[in-house]
Each structure stands twice: as C-alpha cells, then as structure tokens.
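Scope of the values below: all heavy atoms of this structure, side chains included, with no hydrogens, waters or symmetry mates.
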Amino acid sequence: MFARRFQQNLKQLILPLVFLAILLLVFSNERTNYQTISNLQNIKIEQQNLSNLYLIGSEEKPRNSYQFHNHRLRLWYEGRCIDATDDGRLIVTFCDPDKVQVFSLTTSNKLVYERLGLCIDSAKSSSSETISLELVECDVVDSPFLLEVDEGTYLQQVVQDRELCLTPTSLINNTQPTLHPCLDDPVRLAQCDKQISRIVLLEENFFQYDRRLLKNIVIKPGSKCDFKACAFNKAEPEPVKFLSSFPEETRCSNMSDCVTVVSKTSRRPHLILRLARSVRKNLGYDLPFVVYDDGPNDISDEIKQQISEFPLMRYIVSMNEDLGIGNGRDRSMYQVKTKYLFLLDDDMIFTSNTRLQKLVRLLEVTDVSVAAACESHVGCSFSGILQFGYFSETRSKRRLGQFKGLETCETVHGAIPQFPNCYRCDITSNIFLARTDHMLDIGGWDPELMIVEHRDFYIRLKAAGMKLAVCDDVTVRHARPYRGTLSQGEGFVEKRRRGGSRFKSLIMNRWNIQNVFEISGKGLRTNEDGELMYTVRERGLC
C-alpha cells in the first residue's frame with residue numbers, strides 16, 4: 001500500500017515539474033533569441049527572422065476590410081510625416097503625437113484620411129510631370145492606390161498607363177520631387193523614386209508610445225522658445241540628489257555581479273578580445289560581456305577558442321551583415337542581467353585610470369542615471385549641454401544646440417558635491433556606466449539609426465528627466481586601428497559613413513526640429529529662461 005501511494009505521489013509531482021521545465025525552456029528561447037553554434041557555449045548565432053514586416057509596430061493583422069488601418073505615413077529618408085489640410089491638400093509636416101495624422105488603405109484600395117473621413121485621389125487634370133492630389137468622397141474615387149513592398153514600401157496609382165508614387169515635391173523647385181522637402185511642401189504623384197517615394201507605415205499605438213515624450217507638453221507662457229522640445233530646457237535644473245538610504249544588501253560589493261560590459265562590433269572580434277584582456281589586466285578579474293557582431297558567422301576556430309577563454313563573455317553573431325549600431329546596442333542591452341551596464345566601443349581599452357569603482361559609487365549613492373568617463377587622449381571634449389531654441393532673431397527654424405565643454409556643464413548644471421571632477425552634463429561620448437532599468441525605461445537606442453545614434457539617445461535621456469554625470473578623472477584609452485589595416489576590419493569605414501545625412505534628418509524630425517549646430521559653450525551666458533545666449537547665422541532655405 002505504501003509503495004502504491006508513493007508511486008501515485010511521484011506521478012503527481014513529476015507531471016508539474018515536466019510542465020514547468022517546458023515553460024522555462026520556451027521562455028528561455030524567447031528571451032535569448034539565439035542558438036549555440038559550437039561547443040563553445042559563450043559564442044552564439046542569432047536566429048534569423050524570416051518575416052518581411054513593413055508595418056512598424058504592428059502586432060496584429062489589419063482589420064479584414066483594410067490592408068492597413070490607422071497608420072502614419074512617414075517619409076523614409078527625411079523622417080517627416082504626410083498630412084492633409086482642411087482644404088484638401090496633402091503636405092509634408094512634422095509627425096505630431098497631439099494631431100490626428102493617420103491614414104488607412106481599404107481592401108478595395110481606397111486611401112482614407114481618417115481625420116476627415118475622405119479619400120485621396122488624383123486630380124482630374126494636370127499639365128506637369130507631377131500630378132496633384134485631392135480629398136474627395138470615398139464613393140467617387142476613380143483611381144485605386146496599390147501598396148507595393150519591394151525593398152521598401154510605396155503607395156502607387158496608375159495614371160494614363162504610368163505607375164506613379166505618392167512623393168514629396170518642392171514648391172521652390174516647381175513641384176519637382178525632392179529628397180529634402182520643406183514643411184508644407186506638397187505631396188503629389190510622381191515617377192516612383194527608390195528613395196524619395198519610399199514611406200514607412202507607423203501603426204498609431206506604436207507611434208504614440210515611441211513619441212510619448214513629446215505628447216501633451218505645455219510650454220511656459222511668454223517663453224522665447226515655444227515649440228514642444230523647448231520644455232526639455234530647464235531654467236532651474238533639478239540638482240543631483242543623494243539617496244537617503246542605500247542598504248548594504250543592495251550595494252555593489254562584487255563588480256562581476258553588478259556590471260556588464262556592452263559593446264557593438266562589426267566583424268572585429270580581435271578588438272573585443274583586446275578590450276576583455278585589458279579589463280582582466282587592470283581590474284584583476286573578468287566582467288560579464290554582451291557583444292553583438294555583424295554576420296555572417298565565419299569566425300575562425302582560433303578566435304572562437306580565444307573567446308572561450310572568457311567564460312563571462314556572451315558573444316552573439318547576428319544573421320544580419322549590417323545590423324547597425326543602434327540596433328546592436330539595443331539587442332545587447334536586453335541581454336544584460338546585472339544592475340548596471342558599461343557601454344564601450346569595441347576599440348577601447350581599460351587603463352589604470354579606468355576607475356570603474358568611482359562610477360559605481362556615484363550611481364549607488366545618488367539619483368544619477370548615467371555616470372560617464374572620458375577618453376584619455378582627448379579628455380571630455382564631447383561632453384556638453386543640449387538646448388532647444390531658435391537662436392535667431394528671425395525665429396525661422398527650430399534648432400538644437402550642442403554646447404561643448406565641461407565648463408559649459410558647470411555653468412548650466414554645476415559640479416556634483418562629494419564627487420570631485422564630476423559634473424552634470426546632457427551629452428558625452430559613448431563611455432558610460434548606466435542603470436540598466438533606466439536604459440530600458442527610455443527604450444535604449446533607436447534601432448533605425450545605424451550610425452550617429454548617440455545624439456538621439458542623449459536627447460531621450462534628457463527629455464525623460466534622467467541625470468547624466470561626467471567624471472574627467474575616469475578615463476579609457478580609445479585605440480583606433482590604423483585605416484586600411486586588417487585590424488580595422490573589412491568594410492568598417494563604409495559602414496561608418498553610409499547614410500549619415502539620412503540618419504541626422506531622422507533624429508531632427510523625431511524631435512521636430514530643423515537644424516542642429518555644435519559650438520564651444522565656453523564664456524557663454526544664460527538668459528532668464530536658463531538658456532545659453534548664442535545667435536546662429538541663417539543658412540539654407542528650410
């Protein structure tokens with residue numbers, strides 16, 4: 001009897017354990033999104049994503065009567081949105097989370113402008129190469145719109161046997177297609193262009209979450225800076241606060257348990273190994289690493305063996321041969337399990353002046369979110385203050401000014417008490433220790449930005465009210481390989497230079513500004529709104 005009861009109890013115990021093991025296995029696969037490619041457990045290859053999604057942020061299939069429903073039409077290159085005026089004109093404008101700027105495409109190929117409940121159709125007559133568009137009642141639409149997805153997304157109409165695309169055009173240049181439209185420039189039908197006519201469909205709920213920092217902003221009455229991003233300028237910045245309590249059990253007593261090095265590389269595992277060896281040499285122990293590398297997976301057995309000598313390193317090879325910096329850093333961040341992450345470029349080296357303990361201590365006892373170090377050979381030249389404004393008497397353009405120098409940081413925000421050589425800034429180089437949960441809160445980096453991703457990241461940090469400190473007595477060595485050498489990596493220069501103009505435009509139009517400038521902030525004074533006083537020279541048409 002006892003044996004029978006034991007067997008019954010054992011069966012009751014085994015079944016839940018098996019079920020729990022299956023759940024853990026599924027959860028683990030979903031969290032990591034990679035699979036082992038060799039018996040060296042810390043080298044991984046990411047699983048390939050076979051879906052060709054063009055509906056950004058779309059988690060569900062469109063409603064049965066729509067091909068897409070309630071989506072913003074964003075220009076792929078410039079980053080601005082297509083909207084319609086009350087009198088029925090399609091124009092280029094800023095993407096504004098407080099405005100209804102959504103479109104839908106029905107299964108009968110009617111393009112609906114949802115705010116007015118009208119459809120888009122081509123004008124009945126046109127004498128130019130481009131054809132104007134108008135809003136009409138949906139039951140009188142003559143020409144359907146076709147959604148084309150071929151290395152990009154396009155909205156097409158066939159007019160007089162010509163395949164034409166929804167395309168931004170220039171009022172200044174006789175309504176010819178333009179890659180850089182001004183605000184309020186018309187959107188017309190034109191010969192399809194691979195870049196100019198390409199659009200991105202942004203699902204509205206995704207867009208609202210993505211631009212949540214710009215939503216429902218109230219500008220102080222009488223302020224000289226009166227567009228939304230101006231609210232991120234603080235006349236009286238909140239000082240760094242010291243935490244009232246930091247229990248012993250929450251302190252970082254063992255660096256390897258609370259700090260993970262995060263790095264994105266591009267076919268340069270030898271530099272990651274150099275960085276890992278410098279950590280071991282200068283700290284006397286290893287730190288966990290999460291590294292994302294571009295594909296394909298053709299790392300030599302010798303390099304794999306060397307990576308295996310660092311058991312705390314998780315080296316992930318993407319299936320994408322050009323993942324981009326923003327995307328790679330984002331994916332690395334989601335792999336971090338520790339309280340803090342330490343962001344570094346792959347060509348950096350720890351030295352005896354890389355006083356990681358000081359940065360950890362700063363985060364442990366204050367409400368600072370990011371504690372940054374500097375480069376040993378150029379100092380903190382990239383550190384500075386970010387401020388939005390017109391910076392011109394004509395007030396013709398919305399601008400972002402980057403005012404460089406720790407002196408500027410001290411003028412605007414001041415030094416941090418009890419931490420000599422540490423100053424509150426808004427932007428710095430890509431060498432910093434950060435609270436992992438705070439990085440997750442702001443969404444990390446924009447995966448669309450393959451390069452020049454850092455400025456958008458720091459604007460997001462500032463907009464969220466998170467505090468950044470820079471300590472000029474904590475440094476790392478930036479040891480860039482010589483150009484043209486094998487150490488630099490195949491195709492590295494081309495990847496660093498591609499698409500820079502587009503990515504800068506995407507950043508500006510994410511925050512709805514028209515121009516960015518950089519200047520030393522040394523000697524500049526602030527006005528009554530706490531803004532640095534500087535006047536730019538007007539350049540460009542729009």
Side-chain angles (χ1 to χ4, degrees), residues 37-38 40 42-46 259-283 285-318 320-333 335-336 341-354 356 373-378 382 429-433 445 450-454 475-498:
I37 59 170
S38 72
L40 304 177
N42 57 337
I43 307 175
K44 313 289 181 183
I45 183 168
E46 185 183 54
V259 177
T260 298
V261 176
V262 166
S263 189
K264 164 68 179 70
T265 189
S266 180
R267 316 286 298 136
R268 308 203 296 182
H270 53 285
L271 295 183
I272 294 294
L273 287 166
R274 185 183 68 174
L275 171 59
R277 292 185 185 110
S278 73
V279 171
R280 180 179 287 179
K281 175 183 176 182
N282 287 278
L283 295 185
Y285 50 85
D286 291 344
L287 291 176
F289 270 68
V290 176
V291 180
Y292 249 91
D293 195 356
D294 292 337
N297 174 45
D298 55 4
I299 297 176
S300 68
D301 290 339
E302 179 184 359
I303 291 293
K304 289 180 180 179
Q305 183 59 45
Q306 292 178 43
I307 292 175
S308 71
E309 295 170 6
F310 293 90
L312 298 183
M313 180 182 292
R314 182 176 297 169
Y315 196 102
I316 304 169
V317 181
S318 171
N320 191 328
E321 294 188 17
D322 192 6
L323 189 62
I325 299 176
N327 198 352
R329 285 181 177 162
D330 237 22
R331 296 187 185 203
S332 298
M333 174 185 68
Q335 299 288 335
V336 173
L341 63 84
F342 193 27
L343 179 73
L344 291 168
D345 287 343
D346 60 357
D347 53 2
M348 291 179 173
I349 299 175
F350 267 45
T351 71
S352 58
N353 290 324
T354 310
L356 183 59
C374 299
E375 296 183 26
S376 55
H377 62 296
V378 297
F382 294 104
S429 54
N430 290 313
I431 316 167
F432 61 72
L433 184 75
W445 293 264
M450 304 184 80
I451 58 173
V452 299
E453 76 302 324
H454 58 285
T475 61
V476 299
R477 181 183 166 203
H478 201 165
R480 295 183 177 92
Y482 291 111
R483 290 188 178 182
T485 62
L486 290 176
S487 184
Q488 187 180 46
E490 181 182 357
F492 176 79
V493 175
E494 291 76 8
K495 288 182 179 180
R496 291 293 294 173
R497 292 178 177 174
R498 49 73 168 95

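Shown here are the side-chain hydrogen bond (donor to acceptor under 3.5 Å, both in side chains) partners of T354, two or more places apart in sequence or in another chain: there are none. Shown here are the side-chain hydrogen bond (donor to acceptor under 3.5 Å, both in side chains) partners of D322, two or more places apart in sequence or in another chain: R498.
Contact annotation: the side chain of V262 never approaches that of M333 to less than 4.5 Å [non-hydrogen atoms, C-beta and beyond]. Residues I325 and H454 are not in side-chain contact: their nearest non-hydrogen atoms beyond the backbone lie 4.5 Å or more apart. Residues L275 and L344 meet the side-chain proximity criterion, which asks for heavy atoms closer than 4.5 Å. Inter-residue side-chain proximity for F310 and L273 is flagged as met; some heavy-atom pair is nearer than 4.5 Å. Counting heavy atoms from C-beta outward, P296 and R267 have side chains that approach closer than 4.5 Å.
R480 contributes no side-chain N or O that, together with a main-chain N or O of D347, makes up a donor-acceptor pair within less than 3.5 Å. Judged by distance alone, with hydrogens and angles left aside, the side-chain atoms of R477 form no donor-acceptor pair with the main-chain N or O of H377 at under 3.5 Å. Proximity of a side-chain donor or acceptor of N353 to a complementary backbone N or O of T475 within less than 3.5 Å is not detected.
A pairwise comparison of heavy atoms in L312 and L287 identifies CB-O, 3.9 Å as the closest pair. The two atoms that bring P288 and V259 nearest to each other are CD-O, 3.1 Å, heavy atoms only. Residues Y315 and I299 come closest through the heavy atom pair CE2-CD1, 3.7 Å. In terms of heavy-atom proximity, T351 sits nearest to N282 at C-OD1, 3.2 Å. In this structure, A479 and R274 approach most closely via the heavy-atom pair O-NH2, 2.8 Å. In terms of heavy atoms, G295 sits closest to V317 at CA-CG1, 4.0 Å.
The CD atom of E453 sits 10.5 Å away from the CG atom of D330 when rounded to the nearest 0.5 Å. Distance check: M313 CE to S263 OG gives 9.0 Å after rounding to the nearest 0.5 Å. N327 CG to Y292 OH: the interatomic distance, rounded to the nearest 0.5 Å, is 8.5 Å. In this structure, CG on L343 lies 12.5 Å from NZ on K264, to the nearest 0.5 angstrom. With rounding to the nearest 0.5 Å, the separation of CZ in R268 from CG in D346 is 4.0 Å. Atom CZ of F350 is separated from atom CZ of F342 by 4.5 Å, given to the nearest 0.5 angstrom.
Using bins of under 30°, 30° to 60° and over 60° for the plane-to-plane angle, the ring pair F432/W445 lands in the parallel bin.
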Please evaluate residues E375 and I431 with respect to the criterion side chain to side chain contact (heavy atoms under 4.5 Å, CB included), reporting the C-alpha separation (whole Å), side-chain torsions for both, the decisive distance (0.1 Å), and the verdict.
CA-CA 8 Å; E375 296 183 26; I431 316 167; 3.5 Å; yes
Run the side chain to side chain donor-acceptor pair (under 3.5 Å) check on D294 and S266 step by step: do they pass?
CA-CA 5 Å; D294 292 337; S266 180; 3.0 Å; yes
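Evaluated for a side chain to side chain contact (heavy atoms under 4.5 Å, CB included) with H478, the options D345, V378, I349, N430 yield exactly one hit, D345.
For the residue pair D293 / T265, no side-chain donor-acceptor distance below 3.5 Å is found, with atom types taken as modelled.
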